[in-house]
There are 2 protein chains.
Amino acid sequence: MNIGEAAAAAGVTAKTIRYYESIGLLRPPPRSTGGYRLYSPEDVHTLRFAGRARDLGFSIDEIGNLLALWRDKRRASADVKRIAIGHIVELEGKIAALQAMVATLRHLARTCHGDGRPDCPILTSLAEPADAGSAHCHPPKRAGRRKKA
Amino acid sequence: MNIGEAAAAAGVTAKTIRYYESIGLLRPPPRSTGGYRLYSPEDVHTLRFAGRARDLGFSIDEIGNLLALWRDKRRASADVKRIAIGHIVELEGKIAALQAMVATLRHLARTCHGDGRPDCPILTSLAEPADAGSAHCHPPKRAGRRKKA
DNA sequence: CCTTGACCTTCCCACGGGGGAAGGCTTCAC
DNA sequence: GTGAAGCCTTCCCCCGTGGGAAGGTCAAGG
């Protein structure tokens with residue numbers, strides 16, 4: 001089948017498939033005489049695997065590792081589980097960072113009149129020096145974003 | 001003061017300042033005879049404002065809006081609050097998406113032996129057709145990542 | 001047989017939010 | 001006067017795609 005059909009069957013876009021192939025995540029499929037990529041039903045399985053792993057937030061590298069384990073019939077399930085657990089930890093870190101932002105924003109929004117007057121603690125707090133604006137709130141910023149933080 | 005000093009005072013990197021200037025988020029400062037950017041204490045306030053807004057997860061566009069409101073002394077605090085509330089909603093959507101992923105992963109990890117045997121429900125579930133693998137779990141995937149979702 | 005339209009190909013640009021390096025100026029302290 | 005920072009610009013890199021242009025292929029209908 002052509003790339004469009006395979007993409008629809010796997011729940012990803014043709015664009016994504018070409019991208020995954022270009023970065024070496026997927027092996028290049030055979031081509032028709034006209035140069036079209038030709039996919040087998042097994043390929044569709046692999047594509048769906050990759051797409052669903054992405055939906056679960058795995059990075060390209062992690063998906064590559066999972067794909068290798070998937071292809072290896074003698075894998076140990078412990079290896080798979082370790083990757084999954086590690087990913088859970090990573091996701092929870094992001095969740096915590098986002099929740100800290102929400103908490104800070106909620107606090108700021110609560111103290112803002114929200115009417116026609118110009119004075120707004122959200123704005124003044126954002127411009128406050130150093131950590132004065134966030135110290136009374138929740139330190140953990142974005143996960144690993146700031147180098148000097 | 002030069003860019004490095006201003007960056008240190010505002011808690012951002014010189015690189016970030018140049019980047020923000022290049023995309024039009026910040027106005028170009030005056031230059032010395034040697035071409036160095038010269039920043040005033042007010043500029044440092046603005047820089048800190050932008051950096052802290054980014055730490056709270058605001059997008060470049062949103063920071064631009066907030067900066068415009070910040071400069072406008074006759075703004076209505078309701079406008080600021082609306083942006084903040086909108087951002088909270090957005091962040092909560094991301095949190096929910098991440099939590100759904102974690103829940104699914106937890107479920108999969110729980111059913112995986114995690115020993116030397118090769119059979120692993122994590123892998124088989126990822127390759128299952130359609131929504132069979134996630135239907136018994138939590139639908140909301142990443143916020144706005146998949147177009148055809 | 002030929003056209004049409006859907007599909008495919010490669011290539012480049014964009015996003016956010018910068019990191020890092022190359023190669024050249026300035027500026028400051030000694 | 002001179003050496004070491006620090007700054008300048010410019011370029012290319014990362015993730016994970018999405019969008020679109022310019023052009024080739026394929027299947028079906030007239």
Side-chain angles (χ1 to χ4, degrees), chain A residues 1-26 28-39 47 50-64 87 90-91 94 97-98 101 141-149, chain B residues 1-26 28-39 47 50-65 87 90-91 94 97 101 141-149:
Chain A
M1 66 182 74
N2 284 338
I3 194 171
E5 201 180 344
V12 297
T13 64
K15 206 84 177 171
T16 298
I17 297 177
R18 292 194 200 99
Y19 171 67
Y20 284 174
E21 180 187 327
S22 77
I23 60 171
L25 183 65
L26 301 173
R31 304 271 189 142
S32 71
T33 53
Y36 285 17
R37 291 172 179 81
L38 298 174
Y39 294 92
L47 293 172
R52 291 175 49 66
R54 260 240 50 72
D55 282 343
L56 287 174
F58 285 99
S59 71
I60 296 283
D61 277 355
E62 287 170 327
I63 295 173
H87 187 54
E90 194 181 329
L91 290 179
K94 289 185 185 176
L98 290 174
M101 293 183 209
K141 311 189 166 184
R142 322 192 119 191
R145 284 292 319 288
R146 307 295 284 266
K147 66 297 130 194
K148 48 169 61 173
Chain B
M1 65 183 72
N2 283 337
I3 194 170
E5 201 180 344
V12 297
T13 64
K15 194 91 180 175
T16 298
I17 296 176
R18 291 192 202 101
Y19 172 66
Y20 284 175
E21 182 187 326
S22 78
I23 60 172
L25 183 63
L26 301 174
R31 304 274 188 139
S32 73
T33 54
Y36 285 19
R37 290 171 180 83
L38 297 174
Y39 294 93
L47 293 172
R52 290 175 51 63
R54 196 176 49 73
D55 282 342
L56 287 174
F58 285 98
S59 72
I60 297 281
D61 277 355
E62 288 170 326
I63 295 173
N65 294 334
H87 187 53
E90 193 182 328
L91 291 178
K94 288 185 185 175
M101 294 182 206
K141 311 189 168 185
R142 322 194 117 195
R145 284 292 318 289
R146 307 295 285 267
K147 69 298 130 198
K148 50 172 55 174

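Quick note on labels: first sequence line is chain A, next is B, and so on, each numbered from 1.
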Check: A:Lys15 side chain, D:dG16 base, donor-acceptor under 3.5 Å
no
Any B:Arg37 side-chain nitrogen or oxygen under 4.0 Å from OP1 or OP2 of C:dT26:
no
Counting only side-chain nitrogens and oxygens, does A:Arg31 get under 4.0 Å of the OP1 or OP2 atom of C:dT10?
yes
Nearest-nucleotide wise, let me know which of B:Asn2 and B:Tyr19 is further upstream toward the 5' end of DNA chain C.
B:Tyr19
Closest non-hydrogen atom pair, A:Ala53 against A:Ile63
CB-CG1, 3.8 Å
Note: B:Leu47 and B:Val12 closest approach over all heavy atoms is O-CG1, 4.2 Å
Rounded to whole angstroms, how far apart are [atom1] on [X] and [atom2] on [N]?
X: B:Met1; N: C:dC28; atom1: CE; atom2: C1'; result: 18 Å
X: B:Tyr39; N: D:dG6; atom1: OH; atom2: P; result: 17 Å
X: B:Leu38; N: C:dT26; atom1: CG; atom2: P; result: 14 Å
X: B:Glu21; N: C:dG17; atom1: CD; atom2: C1'; result: 16 Å
X: A:Ile63; N: D:dC15; atom1: CD1; atom2: P; result: 12 Å

Side-chain donor or acceptor of A:His87 paired with backbone N/O of A:Glu62 under 3.5 Å:
no
What nucleic acid atoms does A:Ile23 come within less than 4.0 Å of, heavy atoms only: base, sugar-phosphate, or nothing?
nothing
5' priority, DNA chain D, between B:Glu5 and A:Asp61 [closest heavy atom]
B:Glu5
Does A:Ile60 form a side chain to side chain contact (heavy atoms under 4.5 Å, CB included) with A:Tyr20? I'd like the steps, not just the answer.
CA-CA 9 Å; A:Ile60 296 283; A:Tyr20 284 174; 3.5 Å; yes
Rounded to the nearest 0.5 Å, what separation is found between the OG1 atom of B:Thr16 and the CG atom of B:Leu25?
11.0 Å
Listed nucleotide nearest any side-chain atom of A:Arg18, set D:dC8, C:dC8, D:dG18
C:dC8
With respect to the side chain of A:Ile3, which nucleotide from D:dG16, C:dT9, C:dC11 is positioned closest?
C:dT9
Output one line per pair: protein atom, nucleotide atom from nucleotides 24-26 of chain D, and distance, for all N/O pairs under 3.5 Å.
residue	atom	partner	partner atom	Å
D:dG24	N2	A:Tyr36	OH	2.6
D:dT25	O4'	A:Tyr36	OH	3.1
D:dT25	O2	A:Tyr36	OH	3.1
D:dC26	OP1	A:Gly34	N	2.9

Can you list the residues that meet the side chain to side chain donor-acceptor pair (under 3.5 Å) rule with A:Glu21, with sequence neighbours excluded?
A:Arg37
Can you confirm whether A:Lys94 sits close enough to B:Met101 that some side-chain heavy atom of one is under 4.5 Å from a side-chain heavy atom of the other?
no
